[in-house]
**Q** 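Next up is a structure, given as structure tokens.
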Amino acid sequence: MSFSFRQIAAGRRRAFYTLILVVLILLVAAAYGVHSMMSGTTAPLVSQAIGRGDIEKTVLATGILKPSVQVNVGAQVNGQLKKLYVRAGDRVTKGQLLAEIDPTLQQSELRKSEAELDSAVAQKQASLYTLTQYQLELKRQLQLDRDGSGTKSNLEQAQAKVDTQKAQIKVNEAQIVQAQMALETAKANLGYTRILAPVDGQVLGIVTKEGQTVVSSQTAPTILVLANVDTMTVQTRISETDILKVHPGQPLWFYVVADPKHRYQRVMGTLQDAPNDALQDESASSQTQQPSAVYYNGVFSVPNPDHLLRTSMTAQVFIVTEQAKNVLRLPVMALGQPLGDDRYQVQVVNGDKTEQRVIRAGINDRQFVEVKDGLREGERVVIMQNEAGTANG
């Protein structure tokens with residue numbers, strides 16, 4: 001039992017010494033903190049030298065790329081798609097044969113129209129022969145009437161036959177015109193079985209495959225889609241909050257999300273004065289609720305000689321509303337208290353100390369601000385710090 005009491009006493013002494021050591025450490029730390037505060041020691045300042053550069057104030061918009069010319073090449077006649085002479089991605093020229101529809105039906109209709117025209121011509125010729133016969137009969141009746149040996153009824157009957165036959169010839173002539181028109185239509189329909197490229201361009205895609213039957217009774221079915229991708233257009237959606245800042249001819253740049261490192265420099269082309277929703281049929285738009293956001297379309301074109309830009313790519317468009325080239329600029333984080341009239345306080349490093357300086361600011365792109373007055377190139381400014389003494393950002 002005496003051995004256990006000694007162990008308990010030793011443990012209590014170790015705990016007491018540990019408590020004293022912790023209290024001493026806390027006292028030393030507190031004394032150091034008070035000393036630092038009394039001596040004015042602060043955390044190191046984060047500063048940055050002032051330099052020159054470009055500043056752009058932009059409006060951000062999203063755009064969709066489309067070919068400058070896109071044509072849905074369709075069939076104007078019925079039949080089976082017999083042969084396709086191109087594939088997706090092929091370059092074609094205007095007038096090139098793209099596809100062919102089985103011409104059997106159209107060839108039969110052409111032969112039928114030719115036969116009907118021949119029949120109409122023959123009927124007119126027969127009518128002319130009959131007219132000649134009736135005219136000779138009328139001539140005899142007129143001679144008999146002058147001699148007084150003929151009868152009035154025979155003369156009238158002969159005259160009626162001549163008049164009727166002349167009318168029949170006019171009917172035959174109209175039938176010939178109808179047959180000629182039918183023949184021209186048949187020839188055109190036969191020509192429509194050979195589908196030719198309407199423009200120079202590239203085959204974007206094949207819609208109808210070989211062996212499929214196309215029916216053009218109501219709408220022309222699409223065989224393939226042809227487009228001129230040497231020049232692309234970018235259809236940009238501009239928010240109503242920014243539309244008054246944008247106008248045709250304004251410089252802009254954009255990149256496609258597939259290649260964000262490549263910038264394309266262009267200018268704004270045309271601006272649509274009304275959003276697409278306002279251009280829809282009123283009866284249809286009245287059934288839908290007012291959209292929460294309104295966007296206006298801006299369109300511009302961009303050359304695409306290497307065909308790197310593809311249809312329906314998404315573009316991030318930056319429309320430049322203000323810009324300044326090679327101006328003195330400082331980070332926005334260095335701006336201090338605003339004083340009005342585009343003036344701000346900044347802290348400038350002067351040796352081991354800092355001094356307050358008032359500057360006059362220019363355009364601001366939310367990353368840099370133009371310095372018009374109050375700073376010189378090469379001076380260092382303090383980046384704003386939080387209460388803990390560390391730099392923001």
**Q** Within the side chain of Q272, is there an N or O that forms a donor-acceptor pair under 3.5 Å with the backbone of A274?
**A**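 Yes, because the side chain of Q272 sits within donor-acceptor range (under 3.5 Å) of the backbone of A274.
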**Q** Could you check whether atom CG of D341 has more than 12 heavy atoms from other residues, nucleotides or ligands sitting under 6.0 Å from it?
**A**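 Not buried by this count: 12 neighbours or fewer within 6.0 Å.
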**Q** Against F300, only a single residue in I319, L252, T270, T233 fulfils side-chain contact (heavy atoms from CB on, under 4.5 Å); can you say which?
**A**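 Answer to the side-chain contact (heavy atoms from CB on, under 4.5 Å) test with F300 among I319, L252, T270, T233: L252.
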**Q** Please indicate whether R194 has more than 12 foreign heavy atoms, meaning atoms of other residues, nucleotides or ligands, lying under 6.0 Å from its CZ.
**A**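 No.
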**Q** Hey, mind stepping through N154 and T151 against side-chain hydrogen bond (donor to acceptor under 3.5 Å, both in side chains) and telling me if it holds?
**A** CA-CA 6 Å; N154 289 339; T151 61; 2.8 Å; yes
**Q** Is it true that D163 and K166 make a salt bridge, defined as a side-chain N closer than 4.0 Å to a carboxylate O?
**A**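 No.
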**Q** Please step through side-chain hydrogen bond (donor to acceptor under 3.5 Å, both in side chains) for the pair T93 and D200, ending with a clear verdict.
**A** CA-CA 4 Å; T93 57; D200 296 342; 4.9 Å; no
**Q** Between R357 and E355, does at least one N-O distance fall below 4.0 Å, as a salt bridge requires?
**A**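 Yes, charged N to carboxylate O under 4.0 Å.
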**Q** Taking only Lys NZ, Arg NE, NH1 and NH2, and the carboxylate oxygens of Asp or Glu, determine whether D230 and R91 approach each other closer than 4.0 Å.
**A**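 Answer for the salt bridge query: yes.
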**Q** Does the side chain of L110 come within less than 4.5 Å of K187's, by heavy atoms?
**A**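 Yes; the side chains approach each other to less than 4.5 Å.
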**Q** Do the side chain of Q165 and the main chain of S127 share a donor and acceptor less than 3.5 angstrom apart?
**A**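 Yes: the side chain of Q165 pairs with the backbone of S127.
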**Q** On the ring face of F368, is R329 found with NZ or CZ under 6.0 Å from the centre and within 45° of the axis?
**A**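 Judged by the rule (NZ or CZ under 6.0 Å from the ring centre, within 45° of its axis), R329 counts as positioned above F368.
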**Q** As a quick check of understanding, evaluate side chain to side chain contact (heavy atoms under 4.5 Å, CB included) for L308 and D259, giving each step before the final call.
**A** CA-CA 10 Å; L308 296 177; D259 185 13; over 6 Å; no
**Q** So that I can tick it off, tell me whether K170 and E173 are bridged by a salt bridge, with the cut-off set at under 4.0 angstrom between side-chain N and carboxylate O.
**A**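 No, this pair does not count.
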**Q** Distance check, rounded to the nearest 0.5 Å: L183 atom CG versus K112 atom NZ?
**A**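 Result: 13.0 Å between the selected atoms.
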**Q** Any chance the side chains of Y129 and Q133 put a donor and an acceptor closer than 3.5 Å?
**A**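 Note: Y129 and Q133 side chains miss the donor-acceptor criterion.
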**Q** Between T104 and D102, does the side-chain hydrogen bond (donor to acceptor under 3.5 Å, both in side chains) criterion hold? Intermediate values first, please.
**A** CA-CA 6 Å; T104 302; D102 186 359; 2.9 Å; yes
**Q** Looking at Q212 and K209, would you say the former's side chain and the latter's main chain have a donor-acceptor pair under 3.5 Å?
**A**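 Here the side-chain-to-backbone pair exists.
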**Q** Starting from V320, can I reach V246 by hopping between I/L/V/M/F/W/Y residues whose side chains sit under 4.5 Å apart?
**A**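 No, no single cluster joins them.
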**Q** So K82 and E210, salt bridge (Lys or Arg N to Asp or Glu O under 4.0 Å) or not? Walk me through it.
**A** CA-CA 6 Å; K82 184 178 180 180; E210 287 186 6; over 6 Å; no
**Q** Kindly indicate, with the supporting measurements, whether the criterion side chain to side chain contact (heavy atoms under 4.5 Å, CB included) is fulfilled by Q180 and L117.
**A** CA-CA 6 Å; Q180 288 174 337; L117 178 59; 3.5 Å; yes
**Q** Taking all non-hydrogen atoms of both residues, which atom of S312 and which atom of I64 are closest, and how far apart?
**A**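 What the structure gives for the nearest pair is CA-CG2, 3.9 Å.
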**Q** Is there a path of hydrophobic side-chain contacts, each under 4.5 Å between heavy atoms of I/L/V/M/F/W/Y residues, joining W253 to L271?
**A**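 No, L271 and W253 fall in different hydrophobic clusters.
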**Q** Can you name the nearest heavy-atom pair linking T311 to P67, along with the distance?
**A**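 So the minimum-distance heavy-atom pair works out to OG1-CG, 3.5 Å.
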**Q** Tell me whether V225 is reachable from I195 by hopping between hydrophobic residues (I, L, V, M, F, W, Y) whose side-chain heavy atoms are closer than 4.5 Å.
**A**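 No, I195 and V225 fall in different hydrophobic clusters.
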**Q** To the nearest 0.5 Å, how far apart are CD in E322 and NZ in K245?
**A**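 With rounding to 0.5 Å, CD (E322) is 9.5 Å from NZ (K245).
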**Q** With distance as the sole criterion, is a donor-acceptor pair present between the side chains of E240 and Y295 under 3.5 Å?
**A**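 Not at all, the side chains of E240 and Y295 share no donor-acceptor pair under 3.5 Å.
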**Q** State, with a plain yes or no, whether a side-chain heavy atom of I359 is found less than 4.5 Å away from one of L335.
**A**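 Counting from C-beta outward, I359 and L335 do come under 4.5 Å.
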**Q** Does NZ or CZ of R263 fall inside the cone over Y255's six-membered ring, less than 6.0 Å from its centre and within 45° of the axis?
**A**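 No, R263 does not lie over the aromatic ring of Y255.
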**Q** Check step by step if side chain to side chain contact (heavy atoms under 4.5 Å, CB included) holds for V381 and L375.
**A** CA-CA 9 Å; V381 295; L375 287 175; 3.9 Å; yes
**Q** Short question: side chain of D147, backbone of S149 - any donor-acceptor pair under 3.5 Å?
**A**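 Looks like no, no N/O pair under 3.5 Å.
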**Q** Is it true that a side-chain atom of Q347 and a backbone atom of Q356 form a donor plus acceptor pair closer than 3.5 Å?
**A**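 Judged by distance alone, no pair lies under 3.5 Å.
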**Q** What is the minimum heavy-atom distance between P251 and V267, and which atoms define it?
**A**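 Shortest heavy-atom contact: CA-CG1, 4.2 Å.
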**Q** Mind checking the OH-CG spacing from Y344 to N364? Nearest 0.5 Å is all I need.
**A**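 Between atom OH of Y344 and atom CG of N364 there are 7.0 Å.
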**Q** Check whether any side-chain heavy atom of L226 lies under 4.5 Å from a side-chain heavy atom of Q70, and answer yes or no.
**A**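 Side-chain contact under 4.5 Å: no.
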**Q** Looking only at heavy atoms, what is the nearest atom pair of A75 and I101, with distance?
**A**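 Residues A75 and I101, closest heavy atoms: CB-CD1, 3.6 Å.
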**Q** Answer yes when R140 and E137 have at least one side-chain N-carboxylate O distance shorter than 4.0 Å, and no when they do not.
**A**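 Looking at R140 and E137, the cut-off is met.
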**Q** Give a yes or no answer on whether the side chain of T58 reaches the backbone of L60 with a donor-acceptor pair at less than 3.5 Å.
**A**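 No, because the side chain of T58 does not come within donor-acceptor range (under 3.5 Å) of the backbone of L60.
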**Q** Atom CE of M181 and atom OG of S113: how far apart are they, to the nearest 0.5 Å?
**A**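 With rounding to 0.5 Å, CE (M181) is 11.5 Å from OG (S113).
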**Q** Are side-chain heavy atoms of L65 and V256 found at a separation under 4.5 Å?
**A**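 They are in side-chain contact.
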**Q** Please check if I238 and L244 belong to a single hydrophobic cluster, counting links between Ile, Leu, Val, Met, Phe, Trp and Tyr side chain heavy atoms closer than 4.5 Å.
**A**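 The answer is yes; both residues are in one hydrophobic cluster.
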**Q** Does the side chain of T236 reach to within under 4.5 Å of the side chain of N297, using non-hydrogen atoms?
**A**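 Side chain of T236 against side chain of N297, heavy atoms only: no contact under 4.5 Å found.
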**Q** Decide whether L98 and V229 are clustered together by the hydrophobic rule: side chain heavy atoms of Ile, Leu, Val, Met, Phe, Trp, Tyr closer than 4.5 Å, transitively.
**A**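 Result: no, two separate clusters.
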**Q** Could you grab the distance from atom CD of Q168 to atom OG1 of T164, nearest 0.5 Å is fine?
**A**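 Answer rounded to 0.5 Å: 9.5 Å.
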**Q** Going through the checks in order, is the side chain to side chain contact (heavy atoms under 4.5 Å, CB included) test met by T222 and T208?
**A** CA-CA 7 Å; T222 300; T208 305; 5.8 Å; no
**Q** Nearest heavy-atom pair of V234 and G63: which atoms, and what distance?
**A**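 So the minimum-distance heavy-atom pair works out to CG1-CA, 4.2 Å.
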**Q** Between T321 and Q250, is any pair of side-chain heavy atoms under 4.5 Å apart?
**A**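 Of all side-chain heavy-atom pairs linking Q250 with T321, at least one is under 4.5 Å.
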**Q** So, do V346 and L330 sit near enough that their side-chain heavy atoms are less than 4.5 Å apart?
**A**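 Heavy-atom side-chain distance check passes, below 4.5 Å.
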**Q** Checking the side chain of T132 only, and the main-chain atoms of L128 only, is there a donor and an acceptor separated by less than 3.5 Å?
**A**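 Present.
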**Q** How many angstroms lie between atom CD of Q106 and atom OG1 of T193, to the nearest 0.5 angstrom?
**A**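 One gets 6.0 Å once the value is rounded to the nearest 0.5 Å.
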**Q** Between R111 and E114, does a salt bridge (Lys or Arg N to Asp or Glu O under 4.0 Å) hold up when you go through it step by step?
**A** CA-CA 5 Å; R111 289 193 296 269; E114 290 173 341; over 6 Å; no
**Q** Are there more than 12 heavy atoms of other residues, nucleotides or ligands under 6.0 Å from atom CG of N326?
**A**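 Check passes, neighbour count above 12.
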**Q** Could you tell me whether the side chain of I206 reaches within less than 4.5 Å of the side chain of L84, counting heavy atoms only?
**A**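 Touching, per the 4.5 Å side-chain cut-off.
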**Q** What are the two closest heavy atoms between A61 and R237, and how far apart are they?
**A**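 Scanning both residues completely, I find the closest heavy atoms to be CB-O, 3.3 Å.
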